[in-house]
Each structure stands twice: as structure tokens, then as C-alpha cells.
Amino acid sequence: MNAPTTLSADALAGAVDPDPQESAEWREAFTALVAAHGPQRARQILDGLAQLARQQRIGWQPELSTPYINTIAVDAQPAFPGDLAIEERLASLMRWNALAMVVRANHSYGELGGHIASYASAADLFETGFNHFFHARNEAHGGDLVFFQPHSAPGVYARAYLEGRLSEGDLLHYRQELTAPAFIDGKGARGLSSYPHPYLMPDFWQFPTGSMGIGPISSIYHARFMRYLTHRGLLDCNARRVWGVFGDGEMDEPESMSALTLAAREKLDNLVWVVNCNLQRLDGPVRGNGRIIDELEKLFAGAGWNVIKLVWGSDWDGLFARDTTGALARAFAHTVDGQMQTFAAKDGRFNRDTFFGQNDELKRLAQGMTDEQIDRLKRGGHDLVKIHAAYAAAAAHSGQPTVILAHTKKGYGMGSAGQGRMTTHSQKKFESADLIGFRNRFHLPLSDEQATSLAFYKPADDSPEMQYLQSHRAALGGAMPRRETACDIVPKPELAAYAQFAVAADGKEMSTTMAFVRMLGALLKDPALGPRVVPIVADEARTFGMANLFKQVGIYSSVGQRYAPEDIDSILSYREATDGQILEEGISEAGAIASWTAAATSYSVHGLAMLPFYIYYSMFGFQRVGDQIWAAADQRARGFLLGATSGRTTLGGEGLQHQDGTSHLIAATIPNCKAYDPAYAGEMAVIVDAGIREMLVEQKDVFYYVTLMNENYAQPSLPPEAHADVLRGCYRLAGDPAAAPQARVTLLGSGAILTEVVKAAQQLAAEGIAAEVFSVTSWSELARDGVACEAAAAKPFIAQQLAGGTGPIVAATDYVRAVPESVRAFLPAGRRYVTLGTDGFGRSDTRAALRDFFGVDAASIVRAAKAALG
């Protein structure tokens, strides 16, 4: 749609056909082949020619991109099954109420923000899904999973308002959650969250998508997890589909792209992405000097997806039909997205002069069209008929995931106030003339006063529009999005049945990682809980000693095992199976945490409680995929994250990027994450047992982060009376204030460094200094208790535990000092508090050298205690 590019001499030479007659004969022969023998035979011939071209080494391969036109031809479109006029009126009402909601909020409070332009571009994409494709869960259907483009949340609220799920008062409290009556008084209008947030609206939103890129990768692994449930015979998900509506700018996020080949490899034809290609990011064009639709087509096609281009609306069909020379396709081929954005922002006269005025062929095509008709030429993503055809084709496609690349205008219908403009993403305020113009553009039944006062509009319940809306949703299972939490309680085995060896260790040497793996193997054998356990690893099962589980429960593969593994004669051989239980995600922490989230939210997404255990290098958890963990928390996940080889000194030799000194600091920031750093197998067993009870029996919306060590040392038995204290955060391990009332120092330790603390206490005793030793199993639980006790004017648990001692307190951990510093405010008054930690970058060396370097070994603890004593 811009001036034709001047071609270089080389390009011109390449474009010249030396024998037009021969070329025409080839084309005629191929056309005759298709007519006589059909597409399948034509594909066979093309495949043979491509193979021959490779053999001849001519350096050619088919282009992955197709012309800038619709994939689905006009004569291949199914009949539109709905009432087009009613659906267009409903979509216009959604647009208006969404706009009114955002603009009203910003008239009252200019700081609230909100987005209009994204939903304006995606409204028809949403509405086609709502009216014809998105199934809600009911007795007859398990329900589709729909990931909504986050900036379009106002449009979903607008639909819920027409459905009667949200009130006008609710809409008036958009982005005002704390001042809404429901928050203050416990009743009345509720506040509406900025984006899809299940934690804030637990009966409404299913999936958090506000952080760009996390929705796309999550949707892929949810689709794969549905196959996992089906193949394992736990739940039939065959009739269900995952839909994701995402932005073209969002595709720049690495998480958006990282699992495309997995979706194709697994043949996830239950997955459909709709990429809203409005060509604009927040600041400007997504690809100003290129075409994002072409780029994405190549990317998805190369990854093995079925690609449907939805570029032009029905108004263009007549133009293409009259264009016998291909002038339109040639013009589009030389039009970059930056120019497309300009055309979206300008009027019909500008587009007539600038696009159709490029040459005589285009001028003739536009003859007989008024400037207004040119201005109203729709892009494909705004045409309900074209969208329905694309969705229907995607739903019918088998063997591949499908992506629909839908061409839209950002701020569609906003006119001079924002359509296609650089600032449209941030547009939140409208002048009176703009509001009236919007009303006129969409033929809204509003007076001038109603339009300028931003009145919400809802037709009467018995109107054709409302009856149509309700009947179509009823046919698809009811309203959505809708989050449900009802699921059966899964019985928990007794602790002794799977972890007696850990709580009664009697000094046996083992690492807490090995103890966990042994416990996991026993849990997998439990008849009630075992089938619900989902072990997840990111290519580290052998590192963590889990290879024995390969034969026990198998590694999930949608196609089974088509080869004889190299180690088939080994008792630890690699075994893949269609009903395998382990999810081995390869070298992809992002993929593994996405799988964990799918399993950890199965109780709400599928009504089937599952219990995932994702074990990984702790450094590659919260630090590497912390945003995905935060999104899982928003989705109210229930499961275990196991940070193995944790701590900055326990992983000898690995160095800076592998040694974890911060995960407990980050975990402490997530309100529904209970983080523990147990030193002993017995502590870990009690924590895991409590987590199973809390998540599967009591069905609380929490998840556990438990760090594990790879260091072998003597494991003491854990007395029953200490179990409750382990869960609260600390218990007395050694020292008796009653026997030694003048104990002069108290030592606190956790995880890998507790053994050093015990050694330090012994060395101090040899020097005549009495010491109490407390095992701190959770610094964050102690800190949370302290904050809660401050608010209630009560005594913090850690203060109660340390009340019998005297003298200074020295705390040592394998983490940065900020972790033990988190409890400073809640210690007994008047006692000096010294913290030791592993601040800085990690190093490669032995454990002993590392602990000496960071000052957390027994000798350093002794020096700190003596210095504190003066």
C-alpha cells in the first residue's frame, strides 16, 4: 500500500522470465493435474519435484510464507450459522460498555489506567468464540480452556455485564478493588481487576495472562496435560480444546515461542491460537519495516503448525474477484506494517490516493467506491463471517496445532481519537465529539446525552439481542470465563506408610534429595494418591537419583517408545510409555514449570486434583522462571516445588550460575507459597506430609517450596513432639535451658549449614560456652508469623521458642543474609543478633573451601559467637 519499491538490477534480472511460453505450459500442466486428479496427487508431484531439486543441489526450497491474502478462499467458507446483524449489534454494545468503563474510571481517577484499543481490535475475535466455539464446563462437556488477551479484559467484563454476571456497580469499580463496597463491607459491588487474575477474582478468571508470554507457553502445556490425563485414563479430554487469544507484539517474548515445536511434535490439535495482529505494540509498530503476519507465518509453519491467515474482510472479496492481474497481491507484497498502520489511522480519501492511486490497475479496482466505502473496508479480524470460517477450519483440523493470524486495527472504530495511532494503547479519555462519533460509527442506541455521559447500555431481557446472547451461551454450556474449584478429596496416606525411614533415621547417612526420592517412590505406590502424583523434571532425573522411577512408572510419551533404549538391559533403563507418569521436559525450566502449573491447577481447570512434584536445581527455579511461578500463584496452584542442590556452598565445583543463595528470599515474597529449608530427612518428611494434607485434603490454595541438599550426612530421628514446631518454622535441636539456665549463646541454622552450626556448638562447648541450637526450617514462615503477631499484639513464635535462653543469637544459612535478617524484628528484646550468609557471587571449589570463603563454616560461626559475647 505504499509506492512500489525500486528494484535493483540483480532483482530485475531474477524477475525476468526467459521463456514465458514454457512457464505458461508448466502452469497449465499443473492446473490440469489438479483438476483431473485432485490436491493429493498434486502434493505428491510437488514433493517429488522438491526431492529431485535437492538431489540436483539447485539450492531451492519452497517459501514458508504465502501471499498476503486469506488462507480460506471465499468458496471454501462454510455458511455463517448465526444472525449476523444481531451479533454485530452485540459486539458494538460490548465495545461501548468496555470503553465507557475505562473512560469513566479515568474521568474519576486519572491514575487508574486501563486499555480500550486492544479490545477494540479483538472484540470480534472474542465474540465469535463466545457465540459459536468456547464451551463452558457442564455435565455434558468438560469445558474448553480460553486464554484471553490481557489488555482486552474490559471487553470480557462488558459481556459479563450483559449476561447478568456483573452489575453496573461492578463496572463502576473497574480497577478499584480496595474502594469497592464488597471489599469494605463484604457485600455490594465488587472491584474488577486490571487483567485476568484468578487470585483476585477466584470465581471468574481461569488463567492469568497479564505478564506477556506466559499465557502462550501455559496454553501449550495445558493442552499437553489434557492429553496426559486422557492417555493415563484419569480423565477423558478428547472433546475439549484450548483457545488462546494473544497479541502479535507478545510473540516477541521468548516464552511465547519456546514451546512451538513441542506443540507440533505432540500433534496437539486440541490447541488453537488466535494472534491478534493489530500491528502495534505500546510504543509503535510491531514490525514497522516488515510484516509481522508473514514473519509469524514462517515461524509457525516452520515449527510444524497449521497456519490460517485471516487478513481481509468480506468487503475485499469483490475487489479480489475483479483483480484478474494480481495487482492487489503485488501491492500488498510491497507494503510494510508501518504503512499499514498509517492507512488504519487515515481516512478513505487518503487511502484512495495513496494505496489505490499507486497504478492504473488499482485505480480501476477502486472505481465506483466512495471514500466512505474505502474507509470501511474491513480487515479480516473484524469480519464475523471470515472469523467464523477460520475458527471452524481450526476446530476441524487434525494432527497439528493451529494458529490463526488475524489482521486487525488497533483502536478499531475509535476514529481520530485513537484508531491506528501511535498513542492508542494509552488512550483512556475521550472528548464529547469523539464519543458521539463512536456512537455513530457503531449505530449505538444512545442519545447524545447518554453518549457524552458514558452511560452503560443493556438491552431489555426480552430483546432479541439478549435472548440470542443467552441462548448461544446456554448451548455452549453457560457463561465463561468461569473458575470452579469443586473436586473430590484425595485421601492422604499415613506418614509412617511412606516416610518412617526418614522420621526414624537413627543416624543413617543420606542426603535429603535421596530421602525425598525414596518417599516419592513410596507415594507413587499408594493406591489412592499414587495415580494423582505427577513427577516433573527438566532433564535432571538421573542427577537427582530418580532413574529407578523410569521403570516403576514410566516417562510420559504420547506415542509410547518406538526404539530400544541403549540401556534396555539395565534395571534403571530409560522407559517411555503412553501411560507414563513422569513428565520429563528436557532442558526447559520454562516448560517444566508450565507443566507443573497445569498439574497444580488441575483441581480447578478439570475438577480433578493432581499433586505435582517438580524437582530442579534450585538456582534455576525462582531466579530463572520466577515470573511463571508468580503467575502460578495467581492461578492458586497446589503442588510442590523441590529446589535440589540448594544453597551457595552445597554444590561443590559448579560455581556462580549454579549455586543458589537467593531462592528463599524470592519465595518469601509470594503470599501463598510456603517455603521450607529443612536440614534433615525427618523435617522434610513432616513438611511434605503437611503439604499433602493441606492441598489435597483441606484443599487450601497454597503451594510448597522445599529445598533439598545433595550432601550425605548422619540423619537424626525427629521426635513426634517436634513435628508441629517444624511446620511453624523452628524447633530446639540441642541444648536445654532448664539444665543450663545461663546458656550464653543461641545458634540458629537451616538447610545445608545446620550441620556446621551443630559442629560450632560442640566446639563452643569444648571452650566452656554453652549453646542452644535451633533448626530453622522456614525463615519466611517465622517472619510471616511475626508480622501477624505484631498486628494482633501477640508474641511471635520465634520469640516464644528463644525465650528460655540468654546471650547473643547467631544465625547462619547457605543463603544471602537478607534471609535470616527477615526475623530480626521478632526476636526477644535485648539480645544481640548476628547473621551469617553467602552474599555475593558463587565460586567453584570444595564445600569446605566455599564455606570458609563465605564465612558460614563451623569455625566462622564460633568466631561470630565469641565476638558477639565480647
D814 and S646: side chain to side chain contact (heavy atoms under 4.5 Å, CB included), yes or no, with the steps? CA-CA 8 Å; D814 217 7; S646 72; over 6 Å; no
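- Remark: E585 engages R224 in a salt bridge (charged side-chain N to carboxylate O under 4.0 Å, His left out) (not counting sequence neighbours).
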Please report, to 0.1 Å, the donor-acceptor pairs under 3.5 Å made by any side chain of residues 48-58, with sequence neighbours excluded.
none

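- Residue pairs meeting the side chain to side chain donor-acceptor pair (under 3.5 Å) criterion with at least one member in residues 608-624, sequence neighbours excluded: S618-D660.
- For residues 513-540, every residue pair satisfying the side chain to side chain donor-acceptor pair (under 3.5 Å) rule, not counting sequence neighbours, is listed here: E540-T543.
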For residues 496-511, which side-chain donor-acceptor pairs fall under 3.5 Å, sequence neighbours excluded?
unit_1 : atom_1 : unit_2 : atom_2 : d
Y498   : OH     : D689   : OD1    : 2.6
D506   : OD1    : S717   : OG     : 2.8
S511   : OG     : M514   : N      : 3.1

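- S256 and E250 share no side-chain donor-acceptor pair at under 3.5 Å.
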Can you check side chain to side chain contact (heavy atoms under 4.5 Å, CB included) on K492 and L696, steps first, answer last? CA-CA 8 Å; K492 182 190 75 65; L696 293 185; over 6 Å; no
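- Residues passing the salt bridge (charged side-chain N to carboxylate O under 4.0 Å, His left out) test with R232, sequence neighbours excluded: none.
- With sequence neighbours left out, E253 forms a side-chain hydrogen bond (donor to acceptor under 3.5 Å, both in side chains) with no residue at all.
- Between R851 and I753 the shortest heavy-atom distance is NE-CD1, 3.8 Å.
- Sorted by first and then second residue, the ring pair (Phe, Tyr, Trp, His ring centres under 6.0 Å) pairs involving residues 507-536 (not counting sequence neighbours) are F516-F613.
- Residues meeting the ring-ring contact (aromatic ring centres under 6.0 Å, His included) test with F207, sequence neighbours left out: F147, H222.
- Residues passing the ring-ring contact (aromatic ring centres under 6.0 Å, His included) test with Y574, sequence neighbours excluded: F550.
- Pairs engaging residues 590-609 under the ring pair (Phe, Tyr, Trp, His ring centres under 6.0 Å) rule: W596-F703 [sequence neighbours left out].
- The pair K309-E297 counts as a salt bridge, with a side-chain nitrogen and a carboxylate oxygen less than 4.0 angstrom apart.
- Residues that satisfy the side-chain hydrogen bond (donor to acceptor under 3.5 Å, both in side chains) test with S602, not counting sequence neighbours, are absent from this structure.
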